[in-house]
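Okay, structure first, notes after.
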Amino acid sequence: METFNLALPHNFSFQSTVYSHGWIDLAPFAYDPDRRILAYHIIDPTGQTLQLAVEYSDDHSLQVQYDKGIRSYIKKVITRIFRLDEDLSGLYKLADESPQLRWIADKSVGRLLRSGSLWEDLIKMICTTNCSWVMTRNMITNLIIELSPGKAFPTPEMVAACDESFLRKKVKLGYRAPYISELAGNIIEERLDLEAIENWDGNDETLYRQLLQIKGIGPYAAGSLLKLLGFYRHPAPDSWSRKKFMQIFSLSEVPTDSEIEKHYQSYASWAGLVFWLEMTKDWYFRS
DNA sequence: GCGTCCAGGTCTACC
DNA sequence: GGTAGACCTGGACGC
């Protein structure tokens with residue numbers, strides 16, 4: 001195994017990023033909470049599967065171990081996963097000005113864990129819709145077991161090569177199979193440019209509408225993907241966070257999405273991230 | 001053991 | 001533009 005260290009932003013928290021949402025629970029991520037090592041597999045552009053292990057180092061850097069591959073590519077992947085190039089100064093300024101939100105800056109939370117690629121994030125997001133978390137986990141695990149011998153998340157080419165009924169029955173994607181099959185085909189045949197989405201520097205509402213054009217991506221999934229792309233305006237609540245909001249604010253019934261949006265609208269471009277952090281605040285105060 | 005509900009929603013047809 | 005019904009699956013729950 002080879003090793004290198006990656007410098008970190010001063011307000012980076014390894015634990016807060018790892019536990020920022022459910023992605024850590026989905027393969028090919030495998031986290032050892034005792035040793036605090038995050039393992040991950042990814043298929044590089046040459047088609048070989050790389051094995052990575054990431055650990056927080058006391059000198060405030062990430063120690064990255066890898067079995068093979070080009071270091072610059074691995075560095076790019078790790079930077080994407082941990083959001084190392086994300087500028088959250090606006091969020092922390094907002095948090096510093098509010099006693100209610102000060103914990104956000106104190107705990108250095110706000111970096112949402114991502115997969116090694118936007119493609120992987122897209123498929124995982126579709127697999128969170130209209131099902132329990134156990135099913136999401138099973139679908140992602142099945143995709144890897146059935147399609148990718150090296151334990152990494154399969155590429156669009158691997159998915160597009162599969163029969164739709166195989167994806168539906170064997171991988172157990174159910175009615176999501178044609179959506180995911182079509183998405184893989186659109187990427188391969190360059191009808192959908194993931195690079196353009198990944199490097200988006202335009203209006204976030206335009207990007208939101210573009211994401212909604214993808215079959216299987218509705219308001220919840222598009223809003224959640226926007227957060228993973230660094231645009232935090234949309235709360236994009238789901239059934240879990242609606243109930244959590246109801247519990248936190250002692251409401252007698254589940255709030256509507258517009259009620260949630262109204263509650264956070266003063267946070268403007270940070271509204272969606274503040275919403276998610278408030279809903280998950282107890283995660284960061286566990287012993 | 002069996003039936004029903006619903007989960008980190010979305011799509012389509014219809015009005 | 002708003003709404004009803006369908007959609008895979010499997011765990012939880014009531015009976």
Side-chain angles (χ1 to χ4, degrees), chain A residues 18-27 29 109 112-115 120-147 159 162-186 192 205 207-229 231-249 251 253-261 263-264 271-284:
Chain A
V18 163
Y19 286 120
S20 57
H21 64 128
W23 261 209
I24 190 61
D25 195 33
L26 299 177
F29 284 124
V109 302
L112 304 178
L113 191 75
R114 300 198 288 195
S115 305
E120 190 176 319
D121 283 332
L122 269 167
I123 301 306
K124 284 177 173 173
M125 198 62 75
I126 292 174
C127 291
T128 65
T129 61
N130 195 31
C131 63
S132 62
W133 187 252
V134 174
M135 263 197 69
T136 299
R137 204 161 44 197
N138 287 344
M139 285 186 271
I140 299 304
T141 302
N142 289 343
L143 267 171
I144 294 168
I145 290 174
E146 299 294 340
L147 274 65
V159 172
C162 278
D163 191 65
E164 199 177 293
S165 65
F166 178 84
L167 294 174
R168 184 184 287 268
K169 300 292 181 188
K170 193 75 177 175
V171 183
K172 298 192 174 179
L173 296 178
Y175 69 88
R176 301 168 194 83
Y179 303 156
I180 288 171
S181 194
E182 182 183 319
L183 177 56
N186 285 341
L192 182 66
E205 290 306 309
L207 179 57
Y208 181 67
R209 285 195 293 276
Q210 186 169 330
L211 290 171
L212 287 175
Q213 298 301 309
I214 300 171
K215 287 257 183 73
I217 302 287
Y220 149 76
S224 299
L225 282 165
L226 275 189
K227 286 180 205 162
L228 296 187
L229 288 162
F231 300 97
Y232 302 109
R233 188 180 306 277
H234 289 265
D238 51 31
S239 56
W240 178 84
S241 55
R242 286 187 203 101
K243 280 182 189 164
K244 187 78 176 188
F245 184 93
M246 179 176 124
Q247 180 194 332
I248 289 172
F249 294 101
L251 305 178
E253 54 187 38
V254 178
T256 64
D257 291 2
S258 58
E259 284 169 340
I260 292 174
E261 281 168 23
H263 184 92
Y264 288 97
L273 188 52
V274 172
F275 162 69
W276 181 251
L277 294 175
E278 285 214 308
M279 295 308 102
T280 57
K281 182 177 178 182
D282 52 344
W283 297 4
Y284 303 105

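Chain A is the first sequence line, chain B the second, and so forth, proteins listed ahead of strands; every chain is numbered from 1. Note: hydrogens, waters and symmetry copies are ignored here, and every other heavy atom, side chains too, is used.
A:Tyr175 contributes a side-chain N or O that forms a donor-acceptor pair with the base of B:dG9 under 3.5 Å.
Mapping A:Gln213 and A:Ser132 onto DNA chain B by nearest heavy atom places A:Ser132 at the nucleotide closer to the 5' end. Positionally, the nearest nucleotide of DNA chain B for A:Met125 lies more toward the 5' end than for the other of A:Met125 and A:Leu212.
Residue A:Thr129 places no side-chain N or O under 4.0 Å from the OP1 or OP2 atom of B:dA7. The shortest distance between the side-chain N/O atoms of A:Lys172 and the OP1/OP2 oxygens of C:dG10 is below 4.0 Å.
Ring pair A:Trp283/A:Trp276 is perpendicular by interplanar angle, where above 60° counts as perpendicular and below 30° as parallel.
When the C1' atom of B:dC11 is taken as reference, atom CD1 of A:Ile214 falls 15 Å away, rounded to whole Å. Here the C1' atom of nucleotide B:dC6 and the CZ atom of A:Arg242 are 13 Å apart, to the nearest Å. Rounded to an integer number of Å, the gap from A:Arg137 CZ to C:dG11 C1' is 12 Å. With rounding to whole Å, A:Met135 atom CE is found 15 Å from B:dC5 atom C1'. Atom-to-atom, CG of A:Leu122 to P of B:dG8 comes out at 21 Å; the value is rounded to the nearest Å. What separates CG of A:Asn130 from C1' of C:dG10 is a distance of 12 Å, to the nearest Å. Taking atom CG on A:Asn138 and atom P on B:dA7, their separation rounds to 18 Å, with Å as the unit.
Comparing B:dG9, B:dA7, C:dC8 by their closest approach to the side chain of A:Arg168 singles out C:dC8. Comparing atom distances between the A:Lys215 side chain and each of B:dC11, B:dG8, B:dA7 picks out B:dC11 as nearest. Of the listed nucleotides (B:dC11, B:dG8, B:dT10), B:dT10 has the atom at the smallest distance from the side chain of A:Ala221.
For the P atoms, the distance from C:dG11 to B:dT10 is 23 Å, rounded to whole Å. Comparing the C1' positions of B:dC11 and C:dG10 gives an interatomic distance of 22 Å, to the nearest angstrom. For the P atoms, the distance from B:dG8 to C:dC13 is 13 Å, rounded to whole Å. A distance of about 16 Å separates the C1' atoms of B:dC5 and C:dA6, rounded to the whole Å.
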Check against side chain to side chain contact (heavy atoms under 4.5 Å, CB included), A:Tyr220 and A:Met125: CA-CA 9 Å; A:Tyr220 149 76; A:Met125 198 62 75; 3.9 Å; yes
Step-by-step side chain to side chain contact (heavy atoms under 4.5 Å, CB included) determination, A:Tyr179 to A:Leu173: CA-CA 10 Å; A:Tyr179 303 156; A:Leu173 296 178; over 6 Å; no
Evaluate side chain to side chain contact (heavy atoms under 4.5 Å, CB included) for A:Leu147 paired with A:Val171, printing each intermediate quantity in order. CA-CA 9 Å; A:Leu147 274 65; A:Val171 183; 4.0 Å; yes
As a quick check of understanding, evaluate side chain to side chain contact (heavy atoms under 4.5 Å, CB included) for A:Thr128 and A:His21, giving each step before the final call. CA-CA 12 Å; A:Thr128 65; A:His21 64 128; over 6 Å; no
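Across all strands shown, C:dC8 forms no Watson-Crick or G-U wobble pair with both distances under 3.5 Å.
At most 12 heavy atoms of other shown residues, nucleotides or ligands fall within 6.0 angstrom of atom NZ in A:Lys170.
A stacked arrangement is assigned to A:Trp133 and the six-membered base ring of B:dG8, with a centre-to-centre distance below 5.5 Å and an interplanar angle below 30°.
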